[in-house]
Amino acid sequence: MSRVVDARGHRCPVPSLRLKKALLDRPAATPVVLLATDPMARIDVPFMMAELGGRVLSIEEADGVLTITVESSGVPTD
């Protein structure tokens, strides 16, 4: 079951930071869904996931809300 991180109404870097924190609390390869209204999340999240060794499964947008689903292969703690 995927976890949902609701970062609607927050600006960069808050959505990415909340997503990273959620990934730290999840086993690898467990989907996490980010809800964000900041259009920069469309750029920031894929970049962050590439740095962390994870991947973006999907990016959808409806009514100004981005729904970004990701999974990690294990997020470094440093």
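Everything numeric in this text was worked out from a predicted model, so none of it was measured.
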Would you please name every residue forming a side chain to side chain donor-acceptor pair (under 3.5 Å) with Arg11, sequence neighbours left out?
none
Nearest heavy atoms of Arg18 and Val5, plus distance in Å:
CB-CG1, 3.7 Å
Where do Ala41 and Ile68 come nearest, in terms of heavy atoms and distance?
O-CD1, 3.7 Å
Treating Thr37 as the side-chain partner and Gly9 as the backbone partner, does any N or O pair qualify as donor plus acceptor under 3.5 Å?
yes
Does Leu19 belong to the same Ile/Leu/Val/Met/Phe/Trp/Tyr cluster as Val56, with side-chain heavy atoms less than 4.5 Å apart forming each link?
yes
Hits for side-chain contact (heavy atoms from CB on, under 4.5 Å) against Leu17, two or more places apart or cross-chain, chain-then-number order -> Pro13
Can you give me the closest heavy-atom contact between Ser16 and Val45, atom names plus distance?
OG-CG2, 4.0 Å
Would you sort out whether Ser72 and Leu52 count as a side-chain contact (heavy atoms from CB on, under 4.5 Å), showing the intermediate values?
CA-CA 7 Å; Ser72 72; Leu52 298 175; 5.9 Å; no
CE (Met48) and CG (Leu34) are apart, to the nearest 0.5 Å, by 8.0 Å
Could you tell me which non-hydrogen atom of Cys12 sits nearest to which non-hydrogen atom of Met40, and how far apart they are?
CB-CB, 4.4 Å
Could you tell me the separation between the CZ atom of Arg8 and the OG1 atom of Thr67, rounded to the nearest 0.5 Å?
8.5 Å
Can you confirm whether Met49 sits close enough to Leu23 that some side-chain heavy atom of one is under 4.5 Å from a side-chain heavy atom of the other?
yes
